[in-house]
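Below you'll find the structure, written out as structure tokens, and then a few comments.
Just so you know, these numbers use all the heavy atoms, side chains as well, and skip hydrogens, waters and symmetry mates. We're numbering straight along the sequence, starting at 1. Counting convention: from 1, in listed order, for ligands and their atoms alike.
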Amino acid sequence: MKRIRKAIFPVAGLGTRFLPATKAMPKEMLTVVDRPLIQHVVDEARQAGIEHLIFITGRNKGVIEDHFDFQYELEDTLSERGKKGELDALSRDLPGPGTTSFTRQQKPLGLGHAVWCARELVGNEPFALLLPDVLVQNERGCLAQMIDAYSALNTASNIIAVEEVAPELVHQYGVVGVGKTEGKTFQITSMVEKPKREDAPSNLSITGRYILQPEIFDILATQPKGAGGEIQLTDAMLTLSKSQQFHGLKFDGRSFDCGSKIGFLTANIAYALKRKDLAPALRDELKGLLG
Ligand code: G1P
């Protein structure tokens with residue numbers, strides 16, 4: 001099994017689509033059931049064996065750093081009150097000392113720029129990238145599936161999680177072209193960020209999970225602005241694909257685009273319906289609401 005030790009989480013976005021909820025609180029701290037979005041994505045990374053979590057933050061994101069630290073007052077109070085279950089749960093979620101890093105993007109120049117900001121923290125090794133807007137619900141997480149696929153390949157490839165989207169929605173995503181296919185994995189022949197429907201090479205969209213080789217950083221260093229006037233990761237990956245292999249993985253599981261209100265609301269229901277303590281009552285409530 002090949003190891004991927006480090007993962008990047010870009011969390012600098014403004015979250016304008018969720019105002020006023022995100023006026024004083026980062027969008028990554030919005031909760032799906034009782035866990036912040038960023039916690040769900042960190043859970044996925046830790047399940048996949050990631051050892052070091054790198055957060056690309058910005059102004060007003062300090063609470064994310066606090067979330068991944070001890071909260072002495074809270075923990076003292078829980079301990080005094082004998083709340084052992086809650087304390088154990090908090091301690092299970094807490095990354096170990098020295099296993100998190102935070103750096104600021106400073107300027108909102110795009111996803112490619114955010115990833116480039118992690119270059120010193122990642123160094124010269126392959127790494128994972130998880131976009132916290134996207135949740136993938138599956139017992140074996142999306143990133144763990146990607147590391148399985150990565151390990152099965154002989155070459156040091158780059159892996160991107162992909163899924164089918166309706167053709168009228170391809171303009172919202174990065175889209176890949178499909179080459180030689182083996183099971184759920186295929187060679188990527190092209191990549192376009194936010195293509196018009198007629199220019200899209202397929203209807204397979206990039207889902208917000210990547211395993212990338214460190215050579216991407218040199219390309220990002222000089223990457224010109226692309227779609228939306230932003231420095232796009234997809235453009236840099238296209239350049240890297242001239243010298244390295246890229247594979248797509250059609251992962252198992254359902255994704256939720258929690259950057260959209262419908263995706264976020266649906267994720268809350270879907271995740272709650274998987275919880276034994278909530279599902280029966282929620283089902284009844286939903287039946288009532290839907291008449
Ligand atoms: C980013 C990526 C895009 C990908 C999407 C997945 O776009 O640039 O390739 O398909 O995430 O959510 P964004 O949603 O930041 O515009």
Ligand 1 N/O to protein N/O, distances under 3.5 Å:
{"residue": "ligand 1", "atom": "7 (O)", "partner": "Lys194", "partner atom": "NZ", "Å": "3.4"}
{"residue": "ligand 1", "atom": "8 (O)", "partner": "Glu193", "partner atom": "OE1", "Å": "3.3"}
{"residue": "ligand 1", "atom": "8 (O)", "partner": "Glu193", "partner atom": "OE2", "Å": "2.8"}
{"residue": "ligand 1", "atom": "9 (O)", "partner": "Gly174", "partner atom": "N", "Å": "3.0"}
{"residue": "ligand 1", "atom": "9 (O)", "partner": "Glu193", "partner atom": "OE1", "Å": "2.7"}
{"residue": "ligand 1", "atom": "9 (O)", "partner": "Glu193", "partner atom": "OE2", "Å": "3.4"}
{"residue": "ligand 1", "atom": "10 (O)", "partner": "Gly174", "partner atom": "N", "Å": "3.0"}
{"residue": "ligand 1", "atom": "10 (O)", "partner": "Ile206", "partner atom": "O", "Å": "2.7"}
{"residue": "ligand 1", "atom": "16 (O)", "partner": "Lys194", "partner atom": "NZ", "Å": "2.6"}

Legend entry - Test side-chain hydrogen bond (donor to acceptor under 3.5 Å, both in side chains) applied to Ser255 - qualifying residues, sequence neighbours left out: Glu163
Legend entry - Partner set under side-chain hydrogen bond (donor to acceptor under 3.5 Å, both in side chains) for Gln137, not counting sequence neighbours: none
Inset, instruction - Report the C-alpha distance between Ile8 and Leu212 in whole Å, list the side-chain angles of each, state the deciding distance to 0.1 Å, and finish with yes or no for side-chain contact (heavy atoms from CB on, under 4.5 Å). - result: CA-CA 11 Å; Ile8 302 177; Leu212 295 171; over 6 Å; no
Legend entry - Connected-component partners of Leu90 among ILVMFWY, side-chain separation under 4.5 Å: Leu74, Leu78, Leu87
Inset, instruction - Among Arg46, His40, Gln47, Gln39, find the one that has a side chain to side chain donor-acceptor pair (under 3.5 Å) with Asp43. - result: Gln39
Legend entry - Salt-bridge contact Asp34-Arg275 (side-chain N to carboxylate O under 4.0 Å): yes
